[in-house]
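Here is the structure we will look at.
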Amino acid sequence: MKLQVKKAEVSLDDRLEALAEAADLAEGRLGQEAVDHARAVVARAGVRRGLSVEHTAVALAGATGSGKSSLFNALSGTELATVGVTRPTTAKAQAALWGAGGSGPLLDWLDVPLRHPVEGDATGLILLDLPDHDSIELSHRREVDRLVAAVDLLVWVLDPQKYADAAVHERYLRPLARHRDVMVVVLNQVDRLPERSVKRCLDDLRGLLAADGLEGVPVLGVSARTGEGVPELRALLDREVSRRRAWSSRLAADVAAAASALWSDAPPAPGRVAMPEVAVSRALTRALAHAAGVPAVVEAVAKSHRHRSIAATGWPVTRWLRRLRPDPLRRLHLAKGARSSLPAATAVEVSAVDTALRDVGAAASASVPEPWATAVRHAARSRSDELTDSLDRTVAEATSGRVSGAPRWWRVAGTVQWLTVAAMAAGAIWLLVRFALDYLMLPGLPTPTVGRAPWPTVLLLGGALAGVLFAALCRVFAWIGGRRRARRAAKALRAGIEQVAGELIVAPTRDELARYARFADRVAVAAS
Ligand SMILES: Nc1nc2c(ncn2[C@@H]2O[C@H](COP(=O)(O)OP(=O)(O)OP(=O)(O)O)[C@@H](O)[C@H]2O)c(=O)[nH]1
Ligand SMILES: [Mg+2]
């Protein structure tokens with residue numbers, strides 16, 4: 001994949017900052033080793049740039065007997081390094097310094113106490129003779145690894161017998177593929193090869209290096225014994241040292257390598273990460289609503305309205321019976337903070353929520369590579385244990401106030417009902433008075449009639465009939481009103497549930513996606 005960020009545009013500072021942020025963003029998402037490595041690179045870079053940038057630390061690294069110490073002596077024109085026949089010979093690194101002034105802290109940091117200023121131009125070259133990387137001594141290998149990770153320029157000293165050894169290619173050269181700008185490979189002991197084989201050997205070595213991802217790395221044939229190729233190598237090193245860029249190229253290569261370790265595959269170009277829209281789906285709202293007992297609550301809202309409507313507008317003769325029954329909504333105990341009497345979500349409801357959560361995670365992570373996709377899926381359910389309480393609270397809030405609030409027509413209808421009772425009572429009393437007078441054989445009162453029906457009878461029966469019929473009419477209105485209230489309650493509940501889902505499910509998912517997008521952007525900048 002081609003990177004959009006051009007090398008020249010991003011400074012080392014910016015890349016280090018990007019790597020540090022990428023490591024922080026990757027914490028807990030990616031392997032801890034890669035995260036720690038990135039942080040170590042940032043820390044090491046911080047130290048190296050604070051030390052002498054006038055000096056370039058060049059290490060001669062290679063297998064035992066390849067001739068590192070011999071080459072060290074040949075390059076420095078000294079006999080400082082011990083060249084031995086017993087293997088391994090060099091146990092501790094030592095340094096030859098061309099222009100020692102100010103190099104102390106750098107060599108302290110490199111932890112190389114053996115230092116030898118040499119005659120010649122004060123170029124700023126610090127040449128290090130390393131122990132053998134393939135040593136039987138663990139301390140040698142440690143010393144090599146430490147310095148290979150820290151120096152500014154690496155010279156790999158190979159020899160005709162062992163230049164193809166897997167050890168150096170697999171352990172060092174291939175992992176350092178990003179460091180090709182700060183690497184030189186020499187084939188030492190070419191004096192031991194017949195002249196016609198030298199070129200073939202060098203070509204073979206170049207082929208192996210290309211397979212390591214190190215195409216274009218300078219490859220020189222030299223002989224520490226005869227001095228062949230040594231001036232060329234020295235000139236190449238002097239050129240690099242005079243540019244005073246090896247230290248920053250090395251750090252840039254470290255940053256790039258650490259960034260690609262954070263991103264196991266090739267990083268995408270910044271801004272290219274497709275961010276899916278995460279929203280509260282209908283399926284999710286429905287699943288949460290069912291789990292929270294919304295259908296039961298909505299039904300109770302309708303029933304409660306009808307219950308109270310009948311209690312207020314029903315036939316007064318029988319409606320007191322209604323008052324003995326509890327309000328269906330109050331019976332659910334939905335008050336805030338209290339434990340409601342709603343039945344707990346069934347297994348089917350719980351698994352429906354689970355499926356809906358998984359769907360949200362799957363949709364959000366579809367275009368995200370692993371292991372970030374797993375992190376996004378986890379984020380979708382990271383707060384799911386808060387769902388039950390939050391939904392209970394939302395249901396309580398959305399239904400509070402729905403038990404009170406009587407429509408004005410209830411009072412009018414109630415008054416009308418009392419008028420029918422009053423008519424009934426008047427008729428009854430009138431009839432009773434008539435009955436009493438009759439019983440006492442007193443002269444009766446005149447009884448006016450409506451058509452042929454006497455008034456007291458009309459009042460009694462008419463009142464009763466009117467009351468019952470009016471109560472029936474009120475029931476129709478109560479039913480309609482109940483339905484309307486239930487609809488309103490359902491809407492409020494849905495809005496509340498959508499809010500809970502937004503807060504507890506969608507927001508953490510979006511946050512994780514944003515974190516991933518920022519990470520991808522930072523890694524691309526660091527790896528550029
Ligand atoms: N013929 C030939 N022999 C060489 C050359 N360079 C080194 N040698 C010999 O190879 C042997 C090992 O050389 P050293 O310089 O000690 O090798 P080294 O890489 O420092 O070895 P360690 O310190 O054990 O890692 C010595 O006997 C050298 O004389 C060369 O260019 N040609
Ligand atoms: Mg040696």
Side-chain angles (χ1 to χ4, degrees), residues 57-97 107 110-116 118 125-151 153-173 183-202 204-205 218-237:
V58 180
L60 297 171
T64 187
S66 63
K68 300 178 292 298
S69 299
S70 306
L71 206 51
F72 178 85
N73 289 342
L75 285 166
S76 61
T78 65
E79 289 299 326
L80 288 167
T82 313
V83 174
V85 278
T86 52
R87 302 260 72 83
T89 306
T90 312
K92 285 292 285 180
Q94 59 176 329
L97 315 172
L107 283 159
L110 291 171
D111 195 15
V112 179
L114 278 168
R115 306 164 193 181
H116 314 283
V118 292
L125 168 63
I126 298 175
L127 189 66
L128 299 170
D129 178 23
L130 264 46
D132 47 333
H133 69 67
D134 56 348
S135 191
I136 45 166
E137 299 287 340
L138 179 62
S139 64
H140 291 197
R141 298 201 300 269
R142 286 228 176 103
E143 175 103 328
V144 172
D145 287 350
R146 192 175 62 72
L147 285 164
V148 163
V151 295
L153 197 72
L154 284 160
V155 178
W156 289 98
V157 182
L158 310 179
D159 63 65
Q161 274 101 55
K162 294 205 277 183
Y163 73 86
D165 264 14
V168 70
H169 289 276
E170 277 169 17
R171 263 201 81 201
Y172 294 97
L173 297 173
M183 198 184 285
V184 177
V185 176
V186 302
L187 182 68
N188 189 33
Q189 307 184 16
V190 288
D191 60 287
R192 297 176 67 183
L193 288 171
E195 205 162 316
R196 54 191 157 69
S197 311
V198 174
K199 190 183 171 305
R200 214 186 54 219
C201 217
L202 286 171
D204 188 35
L205 175 55
V219 179
L220 275 75
V222 302
S223 165
R225 175 157 298 170
T226 66
E228 186 188 342
V230 175
E232 286 82 356
L233 175 59
R234 182 61 211 268
L236 193 155
L237 296 183

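Order of listing sets the numbers, starting from 1, for every ligand and every atom in it. Heads up: numbering here begins at 1 and tracks the sequence. The figures that follow rest on heavy atoms only: side chains count, while hydrogens, waters and symmetry mates do not.
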Nearest heavy-atom pair of [X] and [Y]: which atoms, and what distance?
| X | Y | answer |
| --- | --- | --- |
| His140 | Ser135 | ND1-OG, 3.1 Å |
| Val144 | Pro131 | CG2-O, 3.3 Å |
| Ala57 | Leu110 | CB-CD1, 3.8 Å |

Can you confirm, on distance only, whether ligand 1 has an N/O atom lying under 3.5 Å from any N/O atom belonging to [X]?
| X | answer |
| --- | --- |
| Gly65 | yes |
| Asp129 | no |
| Thr82 | no |
| Pro88 | no |
| Ala224 | yes |

>> Between His133 and Trp156, does the side chain to side chain contact (heavy atoms under 4.5 Å, CB included) criterion hold? Intermediate values first, please.
In response: CA-CA 11 Å; His133 69 67; Trp156 289 98; 4.1 Å; yes
> Quick check: does Thr89 put an N/O/S atom under 2.8 Å from the Mg ion (ligand 2)?
Replying inline: no
> Backbone or side chain, does Ser69 get an N/O/S atom under 2.8 Å to the Mg ion (ligand 2)?
Replying inline: yes
Out of all atoms in ligand 1, which are within 4.0 Å of some heavy atom of [X]? Include the element for each.
| X | answer |
| --- | --- |
| Thr89 | 22 (P), 23 (O), 24 (O) |
| Arg192 | 1 (N), 2 (C) |
| Asp191 | 1 (N), 2 (C), 30 (C), 31 (O), 32 (N) |
| Ser70 | 6 (N), 7 (C), 13 (O), 14 (P), 15 (O), 28 (C) |
| Asn188 | 5 (C), 6 (N), 31 (O) |

>> Does any part of the side chain of His116, heavy atoms only, come nearer than 4.5 Å to the side chain of Thr78, both counted from C-beta?
In response: no
> Of the choices Asp132, Asp159, Thr64, which has the non-hydrogen atom that lies closest to atom 24 (O) of ligand 1?
Replying inline: Thr64
Which residue supplies the protein heavy atom nearest to [atom], what is that atom called, and how far is it?
| atom | value |
| --- | --- |
| atom 28 (C) of ligand 1 | Val83 CG1, 3.6 Å |
| atom 18 (P) of ligand 1 | Lys68 N, 3.5 Å |
| atom 17 (O) of ligand 1 | Gly67 N, 3.2 Å |
| atom 30 (C) of ligand 1 | Gln189 CG, 3.3 Å |
| atom 11 (C) of ligand 1 | Arg87 NH1, 3.9 Å |
| atom 9 (C) of ligand 1 | Arg225 NH2, 4.2 Å |
| atom 27 (O) of ligand 1 | Gly84 O, 3.7 Å |

>> Using the rule given for side chain to side chain contact (heavy atoms under 4.5 Å, CB included), can you reason through Arg234 versus Leu125, listing the C-alpha separation, both sets of side-chain angles and the distance that settles it, and then say yes or no?
In response: CA-CA 10 Å; Arg234 182 61 211 268; Leu125 168 63; 4.0 Å; yes
>> So, 4.0 Å and heavy atoms of Ser66: is ligand 1 close enough to count as a contact?
In response: yes
> Quick one: does Ala63 get within less than 4.0 Å of ligand 1, heavy atoms only?
Replying inline: yes
>> Take a 6.0 Å sphere around CZ of Arg142 and say whether it holds more than 12 heavy atoms from other residues, nucleotides or ligands.
In response: no
> Under the side chain to side chain contact (heavy atoms under 4.5 Å, CB included) criterion, do Arg192 and Gln161 qualify, and how do the steps go?
Replying inline: CA-CA 10 Å; Arg192 297 176 67 183; Gln161 274 101 55; 3.8 Å; yes
>> For Phe72 and Thr90: C-alpha separation, side-chain torsions, deciding distance, then whether side chain to side chain contact (heavy atoms under 4.5 Å, CB included) applies.
In response: CA-CA 12 Å; Phe72 178 85; Thr90 312; over 6 Å; no
>> When you measure from the side chain of Asp129 to the backbone of Gln94, do you find a donor-acceptor pair of N or O atoms at a distance under 3.5 Å?
In response: no
> If only atom types and distance count, is the side chain of Lys92 paired as donor or acceptor with the main-chain N or O of Val112 below 3.5 Å?
Replying inline: no
> Can we say Lys162 and Asp134 salt-bridge, meaning some charged N sits less than 4.0 Å from an Asp/Glu carboxylate O?
Replying inline: yes
> Does a side chain donor of either Asn188 or Tyr163 reach within less than 3.5 Å of an acceptor in the other side chain?
Replying inline: no
